[in-house]
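Any value given below was found using the heavy atoms of this structure, including those in side chains, with hydrogens, waters and symmetry copies removed. From a predicted model like this one, the values you see are computed outputs, not experimental measurements.
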Amino acid sequence: MLGAAFNPPHLGHLLLAQEAAWQLELDEVVLVPTGEAPHKQIEQDPGAELRLEMAELAAADEPELSVSALEVERPGPSYSYATLEQLAAEHPNTELCLLMGADAAVGFGGWERPERVLELAALGVTGRPGVDEGELRAALDRAGAAERARLFTMPAVEVSSSAVRARVAAGRPICHLVPEAVAATIESRGLYR
């Protein structure tokens, strides 16, 4: 499971999913767009349904990717433990893995019910600029997650959803930063202007 706002989904998300599937030997990566963010407002949010649509467009040509509407359809804040509970109930006998960047992993101990997350899933963690591996391992150890965490690498990609939104607002091209279908949706719906 790779949860994110996907506002919009970009090639960094797809690269993370690809590398996790390959290096961690995952059968599938499920993109789960956030419904209601529990700790912060989603900037320039076009709405959960449209972010879900863009995630589906991004995953459409990727055989190892699928998209789940669990968090968009569920009322209330989107907590990973609740989403994993639903996925585990829908897919019994499936080993789950929650994917995240090191920047999120260093704060894992402060998540809502991190112990429940660890009961339900392993953690797949990739490095992020500015996060030292020693700091990451210490944070995972403090959270009791060191034994359940699997680290993987991915090529450095200097793209983020906020950077894509800023480029759109400035009238700059985004065609090599997001999947073509996502760029077309942003253009046709006048998003992020």
Side-chain angles (χ1 to χ4, degrees), residues 1-6 8-34 52 54-71 78-161 177-179 182:
M1 170 186 146
L2 174 59
F6 297 111
H10 53 72
L11 297 182
H13 292 126
L14 299 180
L15 183 58
L16 187 153
Q18 169 192 283
E19 291 302 304
W22 178 60
Q23 293 180 44
L24 302 179
E25 299 179 346
L26 306 176
D27 295 325
E28 177 182 25
V29 175
V30 181
L31 305 182
V32 182
T34 302
L52 173 64
M54 288 191 288
E56 289 169 341
L57 290 168
D61 295 330
E62 305 295 329
E64 72 275 358
L65 294 184
S66 66
V67 179
S68 171
L70 284 176
E71 291 188 0
S78 296
Y79 291 112
S80 294
Y81 82 87
T83 302
L84 288 166
E85 285 177 339
Q86 280 187 267
L87 287 172
E90 291 176 7
H91 306 281
N93 306 317
T94 299
E95 184 181 343
L96 299 176
C97 181
L98 177 62
L99 303 176
M100 67 184 77
D103 50 343
V106 295
F108 177 72
W111 286 24
E112 189 76 17
R113 300 198 54 201
E115 73 290 342
R116 183 66 176 140
V117 170
L118 295 173
E119 289 171 10
L120 295 163
L123 304 181
V125 182
T126 189
R128 283 284 196 266
V131 180
D132 177 73
E133 187 174 328
E135 173 190 5
L136 169 63
R137 289 185 184 279
L140 291 170
D141 192 48
R142 283 191 304 274
E147 294 296 318
R148 295 283 285 156
R150 298 164 62 193
L151 304 185
F152 67 99
T153 60
M154 62 179 267
V157 178
E158 299 267 343
V159 62
S160 67
S161 293
L177 300 174
V178 300
V182 172

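Listed by first and then second residue, the salt bridge (Lys or Arg N to Asp or Glu O under 4.0 Å) pairs involving residues 108-134 are E85-R116, D103-R128, R113-E115, R116-E119, E133-R137 (not counting sequence neighbours).
Nearest heavy atom pair, residue A55 against residue V67, reads O-CG2, 3.6 Å. Heavy-atom minimum distance, E135 versus G130: OE1-O, 4.3 Å. The minimum heavy-atom distance linking L26 with C97 is given by the pair CD2-CB, 4.1 Å. When all heavy atoms are compared, the tightest approach of S66 to E28 is OG-OE2, 2.6 Å. Of all the heavy atoms in G127 and A102, the pair that sits closest is CA-CB, 4.0 Å. A5 and P33 make their closest contact through O-CB, 4.5 Å (heavy atoms, listed as atom of the first residue, atom of the second, distance).
Counting heavy atoms from C-beta on, the side chains of S161 and H13 come closer than 4.5 Å. Contact of the V159 side chain with the V178 side chain is not registered, since no non-hydrogen atoms from C-beta on lie closer than 4.5 Å. Between V182 and F6, the closest side-chain pair of non-hydrogen atoms is not below 4.5 Å. Residues L57 and P179 form no side-chain contact, since every pair of their non-hydrogen atoms from C-beta on lies 4.5 Å or further apart. Counting heavy atoms from C-beta outward, L11 and V157 have side chains that stay 4.5 Å or more apart.
A donor-acceptor pair under 3.5 Å is absent between the side-chain atoms of R150 and the main chain of A122, judged by distance alone.
With Q23 as the partner, the side-chain contact (heavy atoms from CB on, under 4.5 Å) test is satisfied by one option alone out of T126, L151, T153: T153.
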